[in-house]
Amino acid sequence: SAVISQKPSRDICQRGTSLTIQCQVDSQVTMMFWYRQQPGQSLTLIATANQGSEATYESGFVIDKFPISRPNLTFSTLTVSNMSPEDSSIYLCSVEVMDTGELFFGEGSRLTVL
Amino acid sequence: QKEVEQNSGPLSVPEGAIASLNCTYSDRGSQSFFWYRQYSGKSPELIMSIYSNGDKEDGRFTAQLNKASQYVSLLIRDSQPSDSATYLCAGEYNFNKFYFGSGTKLNVKP
């Protein structure tokens, strides 16, 4: 498995501001992903964080709104830009472990936008 | 469009019974499947992974995969109140992308 530290665990933000979420994993992993989970819903993949290059975004998500960085194999950030109440959600960092191909999640960042 | 379908529940079982959770998937190219447990307010926790047709057992949990029918299930034996949670089924495609079902809420009654 992998130990994933994600912060902040929660935050309350004002409309129009931006928030950066950090994700640190305790071992080198091949893939890092960012998911969103809206209340009562399942997980939606936002993007794959690629080391040293631009993230790969899923349909409906764009870099201007969700810029992602991954400077090395164990760290990534997701920024939620120009927030609106519709961005209120839980954002989850996840990693795929090399040996098993299994996906593990951080504890999540619960974001509330007023 | 990659899809995983699950009955949203809630599925209610008495303590000690067998809970049976099911999902179907749309992508025949998917090779790997996973079951996650998610407690309210917490992040998903991996319970089982299964890659081959047939059954895979781990303690009280048994995962079953039938690729011909595109069907994955999870059996929980001797269900406990602590098993009450939402169970997410997930499939992997393109060797690194995971897609999730909407989850089945399980309620184990003491």
Side-chain angles (χ1 to χ4, degrees), chain A residues 1-10 21 23 25 29-51 55-61 70 73 78 89-112, chain B residues 1-10 21-27 29-52 56 58 61 63 65 72 74 85-106:
Chain A
S1 66
V3 176
I4 305 166
S5 301
Q6 191 176 334
K7 58 181 182 182
S9 58
R10 60 178 62 234
I21 302 167
C23 176
V25 63
V29 293
T30 51
M31 308 295 287
M32 294 182 78
F33 306 93
W34 288 97
Y35 282 85
R36 181 172 73 182
Q37 188 174 32
Q38 296 186 304
Q41 311 245 341
S42 188
L43 303 167
T44 301
L45 179 63
I46 298 172
T48 303
N50 300 310
Q51 186 205 353
T56 305
Y57 290 85
E58 296 301 303
S59 176
F61 298 96
R70 188 181 175 189
L73 286 174
L78 166 73
S89 189
I90 298 173
Y91 292 85
L92 293 152
C93 172
S94 66
V95 303
E96 184 180 13
V97 173
M98 283 184 186
D99 294 341
T100 63
E102 294 170 333
L103 190 71
F104 294 90
F105 289 88
E107 294 181 350
S109 299
R110 182 182 294 271
L111 174 62
T112 302
Chain B
Q1 181 77 10
K2 313 300 180 185
E3 291 185 350
V4 173
E5 298 286 339
Q6 292 183 258
N7 187 323
S8 62
L21 305 162
N22 307 307
C23 83
T24 58
Y25 60 94
S26 63
D27 180 25
S30 295
Q31 296 297 315
S32 305
F33 298 90
F34 308 88
W35 282 99
Y36 289 82
R37 176 175 61 198
Q38 187 172 27
Y39 292 113
S40 180
K42 301 293 185 181
S43 63
E45 171 193 8
L46 180 66
I47 299 174
M48 296 276 290
S49 56
I50 186 165
Y51 309 104
S52 305
K56 179 182 177 181
D58 184 1
F61 299 96
L65 173 59
V72 190
L74 179 71
T86 296
Y87 289 79
L88 301 168
C89 175
E92 182 182 12
Y93 69 100
N94 286 353
F95 297 104
N96 284 318
K97 288 198 173 180
F98 297 77
Y99 56 110
F100 287 81
S102 57
T104 298
K105 188 170 184 178
L106 174 66

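Quick caveat: nothing in here was measured; it's all calculated off a predicted structure. Numbers restart at 1 for each chain; the letters A, B, ... are given by sequence-line order, proteins then strands.
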B:Phe98 versus A:Leu103, closest heavy-atom pair with distance: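 In terms of heavy atoms, the two residues are closest at CG-CD2, 3.7 Å.
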Atom of A:Arg110, atom of B:Gly41 and distance for their closest heavy-atom approach: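 What the structure gives for the nearest pair is NH2-CA, 3.8 Å.
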Rounded to the nearest 0.5 Å, how far does NZ of B:Lys97 lie from CD of A:Glu58?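 Here the rounded value is 3.5 Å.
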Taking atom CD of A:Glu107 as the centre, report whether more than 12 heavy atoms of other residues, nucleotides or ligands fall under 6.0 Å from it.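 No - once you tally the heavy atoms of other residues, nucleotides and ligands closer than 6.0 Å, there are 12 at most.
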Residues, nucleotides or ligands: over 12 heavy atoms within 6.0 Å of B:Lys56 NZ: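 For B:Lys56, atom NZ is crowded (more than 12 foreign heavy atoms under 6.0 Å).
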Mind running ring-ring contact (aromatic ring centres under 6.0 Å, His included) on A:Tyr35 and B:Phe100 for me, showing each step along the way? CA-CA 11 Å; A:Tyr35 282 85; B:Phe100 287 81; 5.6 Å; yes
Partner set under salt bridge (charged side-chain N to carboxylate O under 4.0 Å, His left out) for B:Glu45, not counting sequence neighbours: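 Per chain and number, B:Glu45 pairs via salt bridge (charged side-chain N to carboxylate O under 4.0 Å, His left out) with B:Arg37.
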Top contributor to chain A contacts, counting heavy-atom pairs under 4.5 Å, from B:Pro44, B:Ser102, B:Ser40: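 Between B:Pro44, B:Ser102, B:Ser40, the count favours B:Pro44.
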Which bit of B:Phe34 is near chain A, if near means a heavy-atom gap under 4.5 Å: side chain, backbone, both or neither?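 For B:Phe34, side-chain heavy atoms alone lie under 4.5 Å from chain A.
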Heavy-atom distances under 4.5 Å only: say whether B:Gln38 touches chain A with side chain, backbone, both or neither.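 For B:Gln38, the contact with chain A is made by the side chain alone.
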Please classify the contact of A:Gln6 with chain B as side chain, backbone, both or neither, using a heavy-atom distance under 4.5 Å.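 For A:Gln6, no heavy atom lies under 4.5 Å from chain B.
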When the side chains of residues 39-50 of chain A are checked against the rest of the protein, which donor-acceptor pairs come out under 3.5 Å, sequence neighbours left out?
| residue | atom | partner | partner atom | Å |
| --- | --- | --- | --- | --- |
| A:Ser42 | OG | B:Gly101 | O | 2.3 |
| A:Asn50 | ND2 | A:Glu54 | O | 2.9 |
| A:Asn50 | ND2 | A:Thr56 | OG1 | 3.0 |

